Each structure stands twice: as structure tokens, then as C-alpha cells.
Amino acid sequence: MNHVVNNISAATHNTASSLALNFKKLTTKLRRKTGQAIADFNMIEEGDKVMVCLSGGKDSYTMLDILLHMQKSAPINFSIIAVNLDQKQPGFPEHILPNYLNDLAVDYAIIEEDTYSIVVDKVPEGKTTCSLCSRLRRGILYTNAVKLGVTKIALGHHRDDMLETLFLNMFHNGRLKSMPPKLTSDDGRNVVIRPLAYCSEQDIADYALHKGFPIIPCNLCGSQENLQRKQVKAMLAQWNTQFPGRIETMFKALQNVVPSHLADPTAFNFADLHQQQLGEGEGDLAFDPVEIKPVQSYDTQAVSVLRID
């Protein structure tokens with residue numbers, strides 16, 4: 001009996017050790033990718049005051065957690081204020097985020113604006129609410145960022161969000177456009193950053209599950225089944241299952257844009273393009289010679305067969 005108990009205990013210990021090791025690797029991976037994105041796009045600078053927009057979802061919790069860690073270890077000094085927009089959705093658990101942030105001893109602000117009533121009033125039943133909801137939310141956050149003296153606004157969008165947005169814009173807006181890792185607001189008063197730009201949604205989901213963040217589901221837009229984004233997400237998930245590595249390759253394409261090989265005359269000066277040497281890799285390779293093995297000819301029952309080995 002003791003032998004059986006000891007075996008079970010050893011197996012449990014080994015499983016726990018394996019899970020701990022995997023989580024350590026995941027933590028290192030997310031921190032490294034976040035740090036790389038911040039460095040590549042100069043997202044956070046000395047003296048910045050970063051508004052971390054906290055929705056109560058897995059992405060924003062993970063972003064805050066990683067940025068708080070980086071704040072302690074980064075070679076620069078920057079401050080963090082977590083901000084949540086309470087949109088007065090029915091049933092929203094108002095106590096969860098304040099309790100969580102108080103336990104962290106992090107500066108925070110809860111902004112109360114009844115955008116829920118506006119969205120419900122303006123959007124016809126059955127239509128998606130995300131577009132209007134996000135515009136209202138963005139305007140409120142931008143305005144309050146100025147009031148709070150914030151220099152950077154951090155959003156929790158990740159790599160998969162960026163790819164989904166790319167396809168949504170292509171399919172529905174006829175634009176080759178995604179979410180940039182860093183941008184300025186239309187009025188130029190705010191700089192928006194996306195520190196999780198290099199992180200995959202699955203890694204973030206695994207991290208959030210292990211950390212046990214008190215997730216608050218969105219019962220306004222998250223429950224809508226007719227969202228185009230959900231359809232694109234399903235398409236990408238299917239591709240990722242059928243063709244492992246395709247998501248990574250597609251995201252890499254966002255970082256390797258060749259305007260001369262697209263069709264936007266405002267992005268590349270096609271009008272003044274004449275015979276010239278563009279340099280290796282810049283011209284059209286269609287007419288470049290391709291090295292192939294010599295063609296071999298065989299006669300099989302009076303039928304000529306060509307084969308290229």
C-alpha cells in the first residue's frame with residue numbers, strides 16, 4: 001500500500017515540477033517578446049507615465065503583470081497607472097478590479113461613463129456594437145490620458161489581433177492595414193503602444209490561466225456570434241491547425257513590406273519608374289535566369305518523354 005502511495009506522490013511531484021518548468025519557460029518567452037517589441041519600436045522611454053488600459057480580460061491583465069515586472073528590472077525609470085473604463089454594462093462586477101489593483105498596490109483610476117446606454121440606443125438590434133463601442137471608449141481614454149498627464153497609452157492587443165485586423169481590412173474595407181505596435185492619436189496628443197505585439201494569444205491565455213487572473217467577460221460585445229472578427233479568428237485557427245507555422249510567417253510579412261511590389265502609387269513612385277538598376281532583391285525576378293538541371297530526353301515505345309531531375 002505504501003508503495004502505491006509513494007508512486008502516486010512521486011508522479012504528482014513530477015507533474016507539478018513539469019508544470020512549473022513549463023510556466024517558467026512561458027513567462028520568460030512572454031517577457032522576452034514584450035521587451036523586444038518595446039525596444040524595436042521605442043515604446044517606453046525615460047520618465048514616461050504609462051496608462052495601462054485594464055479591461056478585465058486576459059490580455060490586459062497579462063500586459064499589466066509583465067510591465068510591472070519590467071518596471072522593476074528595466075534600465076530606465078517609468079511609472080504606471082492602471083485605468084479601467086466602467087461602461088455601466090448591466091451586471092458588471094465593479095469591485096473586482098479595485099480589489100485586484102489594491103492588492104497589487106499599483107496606482108489606478110476607474111473612469112465611469114455610461115457608454116452602454118449609448119451603444120444600445122444607437123445600434124439596431126442584431127447589429128454588432130464593437131465599432132461604436134470602441135470609438136466611444138477610445139475617445140474617453142484619450143481625453144482622460146491628457147488629464148492624468150500620461151505620456152503613453154498601453155493597449156493589450158497581441159499578434160493575433162494584428163493579423164485578424166489585417167484580414168478584416170482586406171476583406172471588408174479594401175485596405176492593406178493592420179494595428180501598428182505604436183501610433184499617435186488623430187489630434188497628436190497621445191501616443192498609443194501595444195507591448196504584446198509579438199506575443200501569441202495562446203501563450204497569453206495559458207499565462208493568464210496559470211496566474212489565475214480574475215477575468216471579467218464582456219457581455220456586450222464578446223457574446224455576439226455574428227462578429228466578423230470571430231469568423232476571421234476561426235479561419236486563422238484552421239490554417240494554423242492545417243499548416244503549423246503559417247501564423248508566424250504571416251506576421252513576419254507585416255514586418256517585411258515591399259511597396260514596389262504592391263499596387264499603391266502613393267506608397268511607391270511608379271510614375272517615375274524607368275529602366276534602371278534597382279539593386280539586388282528590389283526588381284522583378286520573373287525574368288531572372290533560373291538554374292535547373294539539363295533536360296534529359298527518353299524514348300519510350302516511340303513516345304518522347306522529357307524529364308527534369
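Note that this is a predicted model, so its numbers are computed, not measured.
Val192 is not listed as a side-chain neighbour of Lys182, based on a closest heavy-atom distance of 4.5 Å or more. The shortest side-chain heavy-atom distance between Phe268 and Leu273 falls under the 4.5 Å cut-off. Within the 4.5 Å cutoff, no side-chain heavy atoms of Leu54 are placed close to those of Val83. The shortest distance between side-chain heavy atoms of Ile204 and Asp206 does not fall below 4.5 Å. Annotation: side chain of Phe92 is in contact with side chain of Ile216 (closest heavy-atom distance under 4.5 Å). Considering only heavy atoms from C-beta on, Asp107 stays 4.5 Å or farther from Ile80 through its side chain. The closest side-chain heavy-atom distance from Pro259 to Val257 is below 4.5 Å. Put simply, the side chain of Asn169 does not reach to within 4.5 Å of the side chain of Leu176, judged on heavy atoms.
Considering only residues two or more places apart in sequence or on other chains, Lys211 meets the salt bridge (Lys or Arg N to Asp or Glu O under 4.0 Å) condition with Asp65. Residues satisfying the side-chain contact (heavy atoms from CB on, under 4.5 Å) criterion with Asp203, sequence neighbours excluded, are Leu26, Lys29, Leu30, Ser200.
Between Ile38 atom CD1 and Arg194 atom CZ the span is 14.5 Å, to the nearest 0.5 Å. Separation of atoms OG (Ser60) and CG (Leu196) is listed at 9.5 Å; rounding is to 0.5 Å. Note that CG of Asn144 and CG of Asn190 are 10.5 Å apart. Values are rounded to the nearest 0.5 Å. The OG1 atom of Thr151 sits 10.5 Å away from the CZ atom of Phe78 when rounded to the nearest 0.5 Å. How far CD of Glu201 is from OG1 of Thr62: 10.5 Å, rounded to the nearest 0.5 Å. Atoms SG and CZ, on Cys53 and Arg137 in that order, are 9.0 Å from each other to the nearest 0.5 Å.
For the residue pair Arg159 and Tyr198, the shortest heavy atom distance occurs at CB-C, 4.3 Å. Ile153 approaches Ala145 most closely through the heavy-atom pair CD1-CB, 3.6 Å. The shortest heavy-atom contact between Asp59 and Gly156 is CB-O, 3.3 Å. Closest non-hydrogen pair, His95 versus Pro98, comes out as O-CD, 3.4 Å. Across Met250 and Leu236, no two heavy atoms sit closer than the pair CE-CD2, 3.6 Å. Of all non-hydrogen atoms in Gly35 and Met70, the two that sit nearest each other are N-CE, 3.1 Å.
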Audit row: Arg31, His69, side-chain contact (heavy atoms from CB on, under 4.5 Å) steps and yes/no:
CA-CA 9 Å; Arg31 288 175 179 175; His69 169 79; 3.2 Å; yes
Evaluate the side-chain contact (heavy atoms from CB on, under 4.5 Å) criterion for residues Lys49 and Ser79: first the C-alpha distance (whole Å), next the side-chain angles of each, then the deciding distance (0.1 Å), finally the verdict.
CA-CA 5 Å; Lys49 184 176 182 179; Ser79 60; 3.4 Å; yes
Could you give me the CA-CA distance, side-chain angles and deciding distance for Val150 and Val50, then say whether side-chain contact (heavy atoms from CB on, under 4.5 Å) is met?
CA-CA 6 Å; Val150 165; Val50 181; over 6 Å; no
Start with the C-alpha distance between Met51 and Tyr142, add both sets of side-chain angles, then the distance that settles side-chain contact (heavy atoms from CB on, under 4.5 Å), and finish with yes or no.
CA-CA 10 Å; Met51 173 197 281; Tyr142 284 2; over 6 Å; no
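Each of Leu166, Leu163, Asp160 was scored for a side chain to side chain contact (heavy atoms under 4.5 Å, CB included) with Phe251, with one residue passing: Leu163. Considering Arg135, Glu113, Gln87 in turn, Glu113 is the only one that fulfils the side chain to side chain contact (heavy atoms under 4.5 Å, CB included) rule with Ile140.
Note: the hydrophobic cluster containing Leu64 also contains Ile193 (ILVMFWY, side chain heavy atoms under 4.5 Å, direct or indirect links). Note: the hydrophobic cluster containing Val146 does not contain Leu136 (ILVMFWY, side chain heavy atoms under 4.5 Å, direct or indirect links). Under the 4.5 Å side-chain heavy-atom criterion for grouping Ile, Leu, Val, Met, Phe, Trp and Tyr, Ile96 is connected to Met63 within one hydrophobic cluster. By the rule that hydrophobic residues join a cluster once side-chain heavy atoms approach within less than 4.5 Å of another member, Leu148 and Ile110 end up as members of separate clusters. By the rule that hydrophobic residues join a cluster once side-chain heavy atoms approach within less than 4.5 Å of another member, Leu68 and Met43 end up as members of one cluster.
Between Lys88 and Asp86, at least one side-chain nitrogen of the basic residue sits less than 4.0 Å from a carboxylate oxygen of the acidic one, meeting the salt-bridge criterion.
Crowding of Arg246 atom CZ: a count of heavy atoms from other residues, nucleotides or ligands under 6.0 Å exceeding 12.
No donor-acceptor pair closer than 3.5 Å links the side chain of Lys33 to the backbone N or O of Thr28. Using a distance-only test at 3.5 Å, with no hydrogens or angles considered, a donor-acceptor pair links the side chain of Asp264 to the main chain of Thr266. A donor-acceptor pair is defined here as one N or O able to donate and one able to accept, closer than 3.5 Å; no such pair exists between the side chain of Asp272 and the backbone of Asn269. Of the possible donor and acceptor atoms, one in the side chain of Tyr61 sits under 3.5 Å from a partner among the backbone N and O of Pro214. Remark: the backbone N or O of Glu45 is paired with a side-chain donor or acceptor of Asp48 at under 3.5 angstrom.
For the residue pair Gln202/Tyr207, the side-chain donor-acceptor check at 3.5 Å is not satisfied. Side-chain atoms of Thr165 and Arg229 include a donor-acceptor pair closer than 3.5 Å. The closest side-chain donor-acceptor pair between Asn102 and Asn99, if any, does not fall under 3.5 angstrom.
Taking the six-membered ring for Trp and thresholds of 30 and 60 degrees, Phe167 and Phe171 have ring planes inclined between 30 and 60 degrees apart.
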